[in-house]
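First comes the structure, then the notes that go with it.
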Amino acid sequence: MSNCVSVVLGQNGWSVTYTTQSICTLKGSSVDLFCSYTYPRGTVTTTLWFTKMEAGVEPEDLGQDPEYAGRLEYHGDKKKDCTLKITDLRESDSATYKFRFITDQTRGKYSGSPGVTLSVTALQVKITSKTWQNRVTLTCSTTCTLTDNPTYIWYKNGHKVKEDTSSLYPDSFSDADSYSCAVKGHEDLHSPAVCEYGFNSVFSITFQVQLSVC
């Protein structure tokens, strides 16, 4: 998770604090959006998280959105904590999330900006380089840089072969082999397995490898 702290201060002591501004995490995993808030007086009557807001219109509470049904856990309260947990993440959950609260005071409404930008990515095995000597680099690819600099796990034919970085350098190819990758701590969230098809020769400058989903 990013160490950057975003603090938003409003007038007269209104504020919302997000402990990180951006998160990149895996499809199918869970994420906590840590948040706290302050207000000068009164009692909080309503709390909500939202991703869209139009001028003059109250934003839609994500808790009422059927797309998030059964996947939201509000761990906050009506005093100072506004932490939200989202489970079973989907790529469509990628958005900027903001917290809003309403008190019993006149004009006692406040939304915290800039919010938390959440990016949800799946894993995909890609060829990033190849040579005529039958050496390629396989990369466990994501659409954003995963938070916390994770350790990657590589699998060949379903068996773990390496636990290290996002790159793998296979020594040889076989049409019968398949490769997939995962992130340590989320071993259940494999990339789709890919198989190798093509032809190669260490004696020929011509070299071709293609990957396809098995």
Side-chain angles (χ1 to χ4, degrees), residues 1-124 141-150 183 185-186 188-189 191:
M1 181 174 293
S2 169
N3 292 323
C4 182
V5 176
S6 173
V7 179
V8 182
L9 294 177
Q11 295 181 349
N12 302 320
W14 296 85
S15 71
V16 174
T17 303
Y18 305 100
T19 58
T20 186
Q21 291 183 354
S22 62
I23 299 173
C24 171
T25 193
L26 290 175
K27 175 183 177 181
S29 66
S30 300
V31 68
D32 289 304
L33 307 183
F34 293 103
C35 166
S36 62
Y37 64 104
T38 64
Y39 51 97
R41 67 186 67 84
T43 300
V44 174
T45 58
T46 303
T47 59
L48 61 98
W49 282 82
F50 66 94
T51 59
K52 300 176 183 178
M53 187 174 188
E54 299 178 11
V57 180
E58 277 294 315
E60 179 184 8
D61 182 354
L62 290 181
Q64 305 302 314
D65 187 337
E67 291 296 320
Y68 291 87
R71 299 193 297 123
L72 297 183
E73 299 175 11
Y74 182 63
H75 292 172
D77 52 38
K78 291 186 176 179
K79 294 183 179 180
K80 63 178 182 179
D81 189 359
C82 46
T83 298
L84 177 71
K85 183 172 187 174
I86 310 175
T87 62
D88 190 21
L89 285 167
R90 306 168 181 173
E91 290 176 277
S92 59
D93 293 334
S94 298
T96 296
Y97 292 75
K98 298 180 182 180
F99 176 72
R100 180 173 175 81
F101 64 99
I102 302 173
T103 71
D104 59 0
Q105 302 295 297
T106 302
R107 302 179 67 180
K109 302 178 180 180
Y110 191 77
S111 297
S113 293
V116 181
T117 299
L118 174 65
S119 301
V120 182
T121 180
L123 298 176
Q124 183 180 3
S141 178
T142 57
T143 57
C144 57
T145 303
L146 290 172
T147 305
D148 291 334
N149 191 27
V183 169
H186 297 285
D188 56 325
L189 304 176
S191 72

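For clarity, every value in this text was computed on a predicted model and none was experimentally measured.
Glu67 approaches Arg90 most closely through the heavy-atom pair O-NH1, 3.1 Å. Closest of all the heavy-atom pairs between Ser30 and Lys85 is CB-CE, 3.9 Å. Nearest heavy-atom pair, Val57 versus Met53, reported as atom, atom and distance to 0.1 Å: O-CG, 4.3 Å. The two residues Val120 and Ser94 make their nearest non-hydrogen contact at N-OG, 2.9 Å. The minimum heavy-atom distance between Tyr18 and Phe99, with the atom names listed, is OH-N, 3.0 Å. Across every non-hydrogen atom of Leu48 and Pro59, the tightest pair is CD1-CG, 4.2 Å.
The backbone N or O of Thr87 lies less than 3.5 Å from a partner atom in the side chain of Arg71, making a donor-acceptor pair. Checked by atom type and distance alone, the side chain of Thr45 pairs as donor or acceptor with a backbone atom of Ile102 at under 3.5 Å. A side-chain donor-acceptor contact under 3.5 Å links Thr121 to the backbone of Thr143. Remark: the backbone N or O of Trp49 is not paired with any side-chain donor or acceptor of Tyr74 at under 3.5 angstrom. Judged by distance alone, the side chain of Thr38 and the main-chain N or O of Gly13 form a donor-acceptor pair under 3.5 Å.
Residue Ile23 holds its CD1 atom at 6.0 Å from OG1 of Thr147, rounded to the nearest 0.5 Å. The structure places CG of Leu33 at 14.0 Å from NZ of Lys98, a figure rounded to the nearest 0.5 Å. Between the OG atom of Ser92 and the NZ atom of Lys27 there is a distance of 9.0 Å, given to the nearest 0.5 Å. For the atom pair CG of Asp61 and OG1 of Thr47, the computed distance is 7.5 Å after rounding to the nearest 0.5 Å.
Counting only heavy atoms from C-beta outward, the side chains of Arg100 and Lys109 approach each other to under 4.5 Å. Proximity of Trp14 to Thr103: side-chain heavy atoms (C-beta onward) are separated by under 4.5 Å at one or more points. Between Thr96 and Pro114 there is no side-chain heavy-atom pair separated by less than 4.5 Å. Between Cys24 and Thr145, every side-chain heavy-atom pair lies at or beyond the 4.5 Å cut-off. Side chains of Ile86 and Leu72 form a contact here, defined as non-hydrogen atoms less than 4.5 Å apart.
Screening residues 27-114 for disulfide (SG to SG under 2.5 Å), with sequence neighbours left out, gives Cys35-Cys82.
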Please report the C-alpha distance between Phe50 and Glu60 in whole Å, then the side-chain angles of each, then the deciding distance to 0.1 Å, and finally whether the side-chain contact (heavy atoms from CB on, under 4.5 Å) criterion is met.
-> CA-CA 6 Å; Phe50 66 94; Glu60 179 184 8; 5.9 Å; no
Mind running side-chain contact (heavy atoms from CB on, under 4.5 Å) on Leu123 and Thr142 for me, showing each step along the way?
-> CA-CA 5 Å; Leu123 298 176; Thr142 57; 3.5 Å; yes
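Partners of Ser29 by side-chain hydrogen bond (donor to acceptor under 3.5 Å, both in side chains), not counting sequence neighbours, listed by chain and number: Thr25.
A distance below 6.0 Å separates the ring centres of Tyr37 and Phe101.
Each of Leu26, Leu118, Leu189 was checked for a side chain to side chain contact (heavy atoms under 4.5 Å, CB included) with Leu89, and the lone residue meeting it is Leu118.
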